[in-house]
Amino acid sequence: METPSPYRAAVLVSLGMVNINRAGWWAADWLVEGHDGDALRTLAGCDDTDTRELNDLLPEALADTGHPLPDVRTALAQVLRWTAEEVLAETRTELDACRLMTDLFFEYRSDLEGQPMAELAYFDSEWEFLESSRCEVELRSVVREACRRQLALADLSARSDWRLPEPWGRKR
């Protein structure tokens with residue numbers, strides 16, 4: 001498995017989406033990349049048998065790289081963006097995106113409220129019954145549209161100059 005960037009690891013750790021047993025290897029790779037810090041060096045020296053120690057050290061080691069753990073909403077927003085980009089770039093399947101959304105929705109339902117991709121939660125079950133429901137082409141289209149809307153929302157919220165428009169009919 002490829003070593004994630006420290007930022008990607010921080011996002012995924014925030015959501016409990018990592019195999020912690022690989023953390024020592026990641027730390028060693030991050031040291032080679034030029035990151036440094038006491039926790040990072042300690043983590044690089046750990047083996048994969050003491051998951052409790054790995055769990056304790058990883059957040060500090062990520063902070064050593066300049067990437068402390070983000071809050072859940074920030075992490076979710078990033079995972080949704082990555083997933084949407086991967087689906088539209090055809091490096092992740094639509095079905096895989098739906099499965100991920102089902103998993104995330106189960107754990108973070110209230111934090112996903114208002115997110116276009118949250119509509120895909122439990123949508124993966126439609127693939128199981130293709131003969132009795134929509135065709136696969138239609139299912140893929142629905143997923144890809146949710147991905148486009150997610151990216152549009154992410155782009156809009158990232159603009160620092162964005163403000164709500166004045167209400168219609170308001171006179172100055």
Side-chain angles (χ1 to χ4, degrees), residues 1-20 22-23 26 30 33 35 55 58-59 61-130 132-172:
M1 178 180 196
E2 187 177 310
T3 298
S5 69
Y7 176 66
R8 188 173 192 96
V11 167
L12 298 176
V13 168
S14 288
L15 300 175
M17 297 175 67
V18 297
N19 177 354
I20 197 72
R22 303 293 302 160
W26 298 344
W30 296 333
E33 291 172 3
H35 300 284
N55 273 314
L58 186 54
L62 286 165
D64 284 348
T65 70
H67 298 285
L69 299 183
D71 63 86
V72 168
R73 285 184 183 245
T74 301
L76 283 169
Q78 186 61 63
V79 167
L80 295 179
R81 181 184 194 101
W82 287 334
T83 303
E85 289 171 344
E86 290 165 1
V87 167
L88 295 176
E90 298 182 0
T91 57
R92 179 186 290 254
T93 67
E94 292 87 349
L95 177 56
D96 185 46
C98 290
R99 287 178 176 149
L100 175 61
M101 288 312 307
T102 298
D103 292 344
L104 290 175
F105 195 77
F106 181 78
E107 188 72 28
Y108 302 105
R109 179 184 205 138
S110 64
D111 294 310
L112 287 168
E113 193 171 307
Q115 298 296 321
M117 288 186 63
E119 299 166 11
L120 302 177
Y122 306 105
F123 200 64
D124 51 320
S125 63
E126 293 230 13
W127 257 272
E128 295 175 29
F129 306 103
L130 280 176
S132 63
S133 71
R134 303 184 239 196
C135 71
E136 188 172 351
V137 171
E138 184 180 352
L139 294 176
R140 290 182 190 284
S141 177
V142 169
V143 173
R144 294 176 79 70
E145 179 56 30
C147 290
R148 283 190 281 278
R149 288 186 294 123
Q150 187 68 48
L151 291 177
L153 180 65
D155 289 343
L156 186 61
S157 66
R159 287 185 50 199
S160 61
D161 63 337
W162 183 77
R163 287 189 284 298
L164 289 171
E166 291 290 326
W168 292 104
R170 186 177 210 181
K171 302 214 182 207
R172 293 184 182 201

Could you walk me through whether Arg140 and Leu95 pass side-chain contact (heavy atoms from CB on, under 4.5 Å), step by step? CA-CA 8 Å; Arg140 290 182 190 284; Leu95 177 56; over 6 Å; no
Under the side-chain contact (heavy atoms from CB on, under 4.5 Å) criterion, do Met101 and Leu80 qualify, and how do the steps go? CA-CA 9 Å; Met101 288 312 307; Leu80 295 179; 3.3 Å; yes
Dump the intermediate steps for side-chain contact (heavy atoms from CB on, under 4.5 Å) on Val143 and Cys98, then the final yes or no. CA-CA 8 Å; Val143 173; Cys98 290; 3.5 Å; yes
Would you please test Arg148 and Leu151 for side-chain contact (heavy atoms from CB on, under 4.5 Å) and show each step? CA-CA 5 Å; Arg148 283 190 281 278; Leu151 291 177; 6.0 Å; no
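Annotation: Arg109, atom CZ; neighbour count of heavy atoms from other residues, nucleotides and ligands within 6.0 Å does not exceed 12.
Between Phe123 and Phe105 the shortest side-chain heavy-atom distance does not fall below 4.5 Å. Within the 4.5 Å cutoff, side-chain heavy atoms of Met17 are placed close to those of Leu104.
Among residues two or more places apart in sequence or in another chain, the salt bridge (Lys or Arg N to Asp or Glu O under 4.0 Å) test is passed with Glu85 by Arg81. Under the rule for a side-chain hydrogen bond (donor to acceptor under 3.5 Å, both in side chains), the partners of Asp96 that lie at least two apart in sequence or sit in another chain are Arg92. Listed by chain and number, the residues in a side chain to side chain contact (heavy atoms under 4.5 Å, CB included) with Val13 are Val18, Leu58, Leu62, Leu69 (sequence neighbours excluded). For His67, the ring pair (Phe, Tyr, Trp, His ring centres under 6.0 Å) criterion is met by Tyr7, not counting sequence neighbours. For Asp103, there are no salt bridge (Lys or Arg N to Asp or Glu O under 4.0 Å) partners at least two apart in sequence or on another chain. Under the side-chain hydrogen bond (donor to acceptor under 3.5 Å, both in side chains) criterion, Glu33 pairs with no residue, sequence neighbours left out. Annotation: side chain to side chain contact (heavy atoms under 4.5 Å, CB included) contacts of Ser141 (sequence neighbours excluded): none. Looking at residues two or more places apart in sequence or on another chain, you find no side-chain hydrogen bond (donor to acceptor under 3.5 Å, both in side chains) involving Ser125. The salt bridge (Lys or Arg N to Asp or Glu O under 4.0 Å) check on Arg144 picks up Glu90, Glu94, with sequence neighbours excluded. Scored by the salt bridge (Lys or Arg N to Asp or Glu O under 4.0 Å) test, Asp124 finds no partners at all (sequence neighbours excluded).
A distance of 8.5 Å separates OG of Ser5 from NE2 of His35, quoted to the nearest 0.5 Å. The OG1 atom of Thr83 sits 4.5 Å away from atom CG of Leu100, with the distance rounded to the nearest 0.5 Å.
In this structure, Pro6 and Trp30 approach most closely via the heavy-atom pair CD-NE1, 3.6 Å. Here the shortest heavy-atom pairing between Thr102 and Tyr122 reads OG1-N, 2.7 Å.
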Without placing hydrogens or testing angles, list every side-chain donor-acceptor pair under 3.5 Å for residues 113-120, not counting sequence neighbours.
| from | atom 1 | to | atom 2 | distance (Å) |
| --- | --- | --- | --- | --- |
| Gln115 | OE1 | Gln150 | NE2 | 2.6 |
| Glu119 | OE1 | Arg149 | NH2 | 2.7 |
| Glu119 | OE2 | Arg149 | NH1 | 3.3 |

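Pairs of residues two or more places apart, or lying in two chains, that qualify as salt bridge (charged side-chain N to carboxylate O under 4.0 Å, His left out) and include a residue from residues 64-78 are Arg73-Asp111.
Thr74 places no side-chain N or O within 3.5 Å of a backbone atom of Pro70 that could act as its donor or acceptor partner.
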